[in-house]
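Whatever order the structure lists them in is the order used to number ligands and atoms, beginning at 1.
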Amino acid sequence: MQRTPFPSPLAGMAAGTVISFCALSAFVPQTFSSKIKLNLTLFSLLLGGAAGLIIPAAKRRNNAMVLAAQPGWSGWRNFVVSRREKESEEITSFYLQPVDPGPLPSYRPGQFLTIELVIPGELKPVVRTYSLSDFPDPKQAIDHYRLSIKREPAPRGKDVPAGLASNFLHDHVQVGNNLRVRVPAGNFVLDTEANTPIVLISNGVGITPMIAMAKAAGQRQVWFVHGCRNGEFHAFRSEVNLLAAQHPNINVHYAYSKPSMADQGCYHSEGRLDGALLQRLVNVPADYFICGSPPFMESLIAELSEFGINEASIHFESFNKALPTVKAVEANSDAAFPGAMVEFSDSSKTSTWNGKDPELSLLSLAEAEGLMPPCACRAGVCGTCATKLLAGKVNYINEPSAALEPGEVLICIARPASEQVKLKL
Ligand code: FES
């Protein structure tokens, strides 16, 4: 197979600010970021909720590490795009195979891949995370991963550019192109050992991890509930319909907000996918998994809570930076070192930690010094910013969930915990 480099740059495209764990935009609504209670919930679910358990703090970190750890490879690995498939008006799937002949590790349903794109005109590689949109038969060896990516246009009425990576992928990444990939990771996963009924709720491209979960659900009772505008924007309808036809335990419901004439017979309800609809559909205690746009998730989580669904039964993917919780900041405030000297060894730069901003991280300190460490999630999830700690100590604003090599730290959520810190940057 011929492997070609990426073609010419996107003319005039500005650097994006999108962070995604479900291949969705990560524009943080003010209301969302200001809700401490919701942030606390997000934080706890990010760490342990996917297993349906409330995990004591000491155990939680180990659990999160286990979820992120995968046998496979460390760092980046070269892959080639072996197939492209248009799934809807705005979503395209990319099938990725390793360039080397080594085996591919499996992954947990709901996990994501971190990919690196070398985009002409960008000062550094662009790193993004996208959910794996398929789940392999456990009895068969895997020979590819599938990512399904939504083209992110510039949001109307907002001073935010179009998605740099998603547009580049859609417009320029073709079969035969190479890109670098990190091992599957993430803790928004279905516990395949459990047998409680599950409700998989998504809108738009949030459908991607839900497909993996539905395929991994075994004999569990499943409600697969998806909302989108209409059939043109409905990705994977045939694939999910086929899955449901083969598995009577999977109940499907599609809610179209603006169905067209051509959609007759292809959807189940007209209007918004909301808590009231879920209440009508689901009549047994279940675990709820939610993936979609931030406003969709925010309203649905609130509605499910109002309807009495236990927080421990509501699991959702974080699209946004996991903001520091009150508890986390308080817990670490004694250990942070105002005035600590931070040395970036490779670039021979030194900076002083001001210690006042609770959201400041060693990553943002490095960026303020003009350095450009690789990063994607900025939340301690993807592992892209892993950096060798050569001297000193750090503590974390949030508990990390990415797997690390010995001696590495995640600088996107790390702060100095000693008077001197030396990083290999
Ligand atoms: S950027 Fe993802 S873990 Fe730091």
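If you check the side chains of Asp274 and Ser299, you find no donor sitting under 3.5 Å from an acceptor. For Glu87 and Ser93, the side-chain atoms include at least one donor-acceptor pair closer than 3.5 Å.
The residue from Thr129, Val126, Leu169 that alone fulfils the side chain to side chain contact (heavy atoms under 4.5 Å, CB included) condition with Ile115 is Leu169.
Of the possible donor and acceptor atoms, none in the side chain of His172 sits under 3.5 Å from a partner among the backbone N and O of Phe168. Panel note: side chain Asn177, backbone Gln174; a donor-acceptor pair is recorded below 3.5 Å.
Listed by chain and number, the protein N, O or S atoms at a distance under 2.8 Å from atom 4 (Fe) of ligand 1 are Cys385 SG, Cys412 SG.
Residue Lys393 qualifies as open at atom NZ: its count of foreign heavy atoms under 6.0 Å is 12 or below.
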